Protein chains: 2
Amino acid sequence: MAAPVPDITLLRRSCAPCTLRQFCQHVGLPQRTPGSALGKPFGVNRGDSLFRAGDQHGRVYAVRTGAMKTVAVTADGEEHVLGFHLPGELLGLDSLATGVHCAEAVALADTQLCEFPVQGILSRSASSPELGARMLQVLGSSALGCRVHVDLLLRRQADERVAMFLYDLLLRLGRRDGQPSLTLPMSREDVGRYLGLALETVSRSLTRLQEDALIEVSGRSVRVLDEDRLRGVAMLPDTPSGSPLERQA
Amino acid sequence: MAAPVPDITLLRRSCAPCTLRQFCQHVGLPQRTPGSALGKPFGVNRGDSLFRAGDQHGRVYAVRTGAMKTVAVTADGEEHVLGFHLPGELLGLDSLATGVHCAEAVALADTQLCEFPVQGILSRSASSPELGARMLQVLGSSALGCRVHVDLLLRRQADERVAMFLYDLLLRLGRRDGQPSLTLPMSREDVGRYLGLALETVSRSLTRLQEDALIEVSGRSVRVLDEDRLRGVAMLPDTPSGSPLERQA
DNA sequence: CGTCAAATTGAATGGGGTCAAGCGGCGTGG
DNA sequence: CCACGCCGCTTGACCCCATTCAATTTGACG
């Protein structure tokens with residue numbers, strides 16, 4: 001369904017929240033010259049793999065629209081979801097160190113992305129001082145996302161994990177129109193594989209949070225009724241600044 | 001007990017495995033000019049805090065000798081161990097993005113470190129092309145460490161987590177003299193807070209692995225008897241290359 | 001309207017948490 | 001030098017929460 005070269009107005013609009021915007025604009029807006037610029041936009045269909053573990057072609061990607069997940073498979077075939085990547089966020093940064101991807105990236109929906117070859121990033125960073133500094137900040141900011149995941153997984157109670165997951169997603173998706181509501185781009189099973197819980201436990205926890213009047217769930221759409229109490233269940237500090245969940249550079 | 005300016009031969013020896021070596025040597029060996037160089041060596045005593053969550057002075061540190069841990073505290077006062085930092089490894093990279101530390105760093109033993117101001121890293125990276133590229137690799141490599149932690153925490157069984165923890169530590173400490181043995185620099189409680197398990201569970205799991213003749217435990221010294229089976233319990237792929245636990249750039 | 005996937009709900013089992021006691025090493029002070 | 005006390009580690013017993021298996025409902029799509 002996704003066109004190989006997406007609508008130009010859609011692209012321009014989706015550049016606003018992109019963490020690579022400054023990087024991209026520095027070398028020339030990709031939507032102006034899709035073929036030759038550093039950031040090359042394209043699309044993948046829901047369910048398609050963007051790259052797999054062991055792929056040699058190290059590339060970094062920025063999500064424009066849609067949503068992606070990165071997964072790793074254990075020796076016994078179990079799937080671990082290492083992260084969800086929403087519009088404006090990056091993925092594939094693991095290949096910066098070695099040039100090889102160590103996870104698989106799958107599209108949760110039809111998704112528009114921009115592609116950046118690692119070699120291009122490294123060489124251009126070398127020739128452009130402020131660009132390199134900017135990349136360091138982007139990378140550090142991305143590492144914080146992983147840190148948040150660890151912090152989440154170290155919580156023992158299922159409700160804490162689910163609450164923190166929702167609260168984090170609420171911040172990242174940015175409450176669009178006043179009301180703090182959001183649409184989950186992933187299945188319960190994927191949430192479970194991200195939280196280290198069985199999908200049934202995720203479902204039960206969601207209904208429990210709904211019974212406590214913290215949220216309102218209907219399929220994949222979630223409305224947050226009491227943001228403060230949700231943060232309380234997630235065991236996050238009252239002061240929203242200074243602590244985790246603040247990685248948007 | 002730790003001297004403010006450590007032994008010069010000790011420093012030179014500890015530079016070999018340091019991931020910041022190329023960075024450090026590029027701007028001048030710190031042990032040559034301790035005061036003026038970018039990397040400034042110093043020591044902290046066991047139990048001391050190197051920095052705390054919220055500290056404004058963004059600095060990156062490299063461990064020379066000893067061991068550090070980074071911890072975060074939840075709203076209910078529980079301590080989460082986000083990582084252990086062994087000789088040759090970095091800590092404080094979270095401050096690269098915002099300039100503010102979002103965790104506390106505590107010395108597990110008397111420890112020698114090198115200190116790098118973030119501003120110095122950013123500005124020197126800007127003026128030196130290959131240095132910036134090298135820093136990107138260092139940062140990406142560090143992010144992999146966090147990814148390994150997530151991958152570990154997504155394993156449900158306590159034995160899997162403990163086995164993977166030991167196997168990872170074995171690779172990082174590098175089996176010194178032929179025999180694959182290691183000395184844990186942290187308490188069972190810290191291990192538990194890193195693995196998301198109660199300290200009693202860690203202890204039980206260790207004895208279980210010992211009963212199965214996978215390891216030999218005596219206090220904090222662990223000898224790995226069957227490396228392959230240990231990797232099997234950890235649910236890590238047979239092929240040691242291509243998958244996690246490979247972050248030494 | 002039928003089909004299938006996703007999600008919810010129920011019941012039973014088990015692994016890990018919690019509380020508690022016991023053990024061992026090590027440093028301090030008598 | 002030995003006794004004491006502290007701290008870290010181990011081990012046991014009990015209980016709870018999450019997993020597992022299973023059945024049912026809901027919703028999307030043809």
Side-chain angles (χ1 to χ4, degrees), chain A residues 1 45-47 67 69 74 76-81 106 108-110 152-163 165-166 183-212 215-222 233 235, chain B residues 1 46-47 67 69 74 76-81 106 108-109 152-163 165-166 183-212 215-222 233 235:
Chain A
M1 291 302 131
N45 294 333
R46 170 195 171 99
K69 66 170 177 180
T74 62
D76 59 341
E78 206 163 324
E79 201 174 78
H80 288 182
V81 174
V106 180
L108 296 169
D110 292 352
L152 185 157
L153 289 172
L154 283 174
R155 282 151 220 272
R156 305 259 179 83
Q157 305 300 322
D159 289 353
E160 297 182 33
R161 296 192 192 178
V162 173
F165 172 71
L166 290 178
T183 299
L184 303 179
M186 76 295 283
S187 68
R188 298 286 191 273
E189 186 170 19
D190 280 333
V191 175
R193 284 168 173 168
Y194 176 80
L195 298 182
L197 300 171
L199 67 93
E200 296 95 328
T201 306
V202 174
S203 181
R204 269 185 261 265
S205 188
L206 285 173
T207 58
R208 216 175 302 147
L209 291 175
Q210 186 172 26
E211 286 169 356
D212 293 355
I215 60 175
E216 209 175 64
V217 186
S218 174
R220 294 197 180 182
S221 72
V222 178
V233 172
M235 288 299 172
Chain B
M1 290 304 125
R46 170 196 170 99
K69 67 172 177 180
T74 62
D76 58 343
E78 206 162 325
E79 202 176 77
H80 288 181
V81 173
V106 180
L108 295 170
L152 186 158
L153 289 171
L154 283 174
R155 282 152 220 272
R156 306 263 179 86
Q157 305 300 321
D159 288 355
E160 297 183 34
R161 296 192 191 178
V162 173
F165 173 70
L166 290 178
T183 300
L184 303 179
M186 75 296 280
S187 68
R188 298 286 191 273
E189 186 170 20
D190 280 333
V191 175
R193 284 167 174 169
Y194 176 80
L195 298 182
L197 301 171
L199 68 92
E200 296 96 327
T201 306
V202 174
S203 180
R204 269 185 262 264
S205 187
L206 284 174
T207 58
R208 218 174 301 149
L209 291 175
Q210 188 172 25
E211 286 169 355
D212 293 355
I215 60 176
E216 210 175 63
V217 186
S218 174
R220 294 196 179 182
S221 73
V222 178
V233 172
M235 288 299 172

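These numbers were taken from a predicted model, which means no experiment stands behind them. Chain letters run A, B, ... following the sequence lines, proteins first and then strands; every chain starts at 1. Computation of the quantities below employed the complete heavy-atom set of this structure, encompassing side-chain atoms and omitting hydrogens, waters and symmetry-equivalent molecules.
- B:Leu195 has its CG atom 13 Å from the C1' atom of C:dG16, to the nearest Å.
- In this entry the distance linking CD of A:Gln210 with P of C:dT9 reads 8 Å, nearest Å.
- Looking at B:Thr207 and B:Val217, their side chains never come closer than 4.5 Å, going by heavy atoms from C-beta outward.
- With sequence neighbours excluded, the residues that form a side-chain hydrogen bond (donor to acceptor under 3.5 Å, both in side chains) with B:Arg208 are B:Asp159.
- A donor-acceptor pair is defined here as one N or O able to donate and one able to accept, closer than 3.5 Å; such a pair exists between the side chain of A:Asp110 and the backbone of A:Arg46.
- Atom P of nucleotide D:dC9 and atom CD of B:Glu189 are separated by 9 Å, given to the nearest angstrom.
- Contact of the A:Pro185 side chain with the A:Arg220 side chain is not registered, since no non-hydrogen atoms from C-beta on lie closer than 4.5 Å.
- Counting heavy atoms from C-beta outward, B:Leu166 and B:Leu206 have side chains that approach closer than 4.5 Å.
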Using a 3.5 Å cut-off and no angle test, enumerate the donor-acceptor pairs between side-chain atoms of residues 193-203 of chain B and protein atoms at least two apart in sequence or in another chain.
| unit_1 | atom_1 | unit_2 | atom_2 | d |
| --- | --- | --- | --- | --- |
| B:Arg193 | NH1 | B:Glu79 | OE1 | 3.1 |
| B:Arg193 | NH2 | B:Glu189 | OE2 | 2.9 |

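- With sequence neighbours excluded, the residues forming a side chain to side chain contact (heavy atoms under 4.5 Å, CB included) with B:Glu78 are A:Arg156, B:Thr74, B:Asp76, listed by chain and number.
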For this session: Report, as a single string ordered 5' to 3', how protein heavy atoms within less than 4.0 Å touch nucleotides 18-30 of chain D: B base, S sugar-phosphate only, - not at all.
Result: SBBBB--------
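- Checked against side-chain hydrogen bond (donor to acceptor under 3.5 Å, both in side chains), A:Gln210 has no partners two or more places apart in sequence or in another chain.
- Regarding A:Glu211, its CD atom lies at a distance of 12 Å from the C1' atom of C:dT8, rounded to whole Å.
- Using a 4.5 Å heavy-atom threshold, the side chains of A:Met235 and A:Arg155 count as touching.
- When the P atom of D:dG8 is taken as reference, atom CG of B:Asp190 falls 10 Å away, rounded to whole Å.
- One atom, CZ of B:Arg188, and another, P of C:dG24, lie 16 Å apart when rounded to the nearest Å.
- Between the CZ atom of B:Arg220 and the P atom of C:dG25 there is a distance of 15 Å, given to the nearest Å.
- Across the helix from C:dC1-D:dG30 to C:dG30-D:dC1, the helix axis at one end is tilted relative to the axis at the other end by 30° (nearest 10 degrees, each axis from five pairs).
- B:Glu78 has its CD atom 8 Å from the P atom of C:dT18, to the nearest Å.
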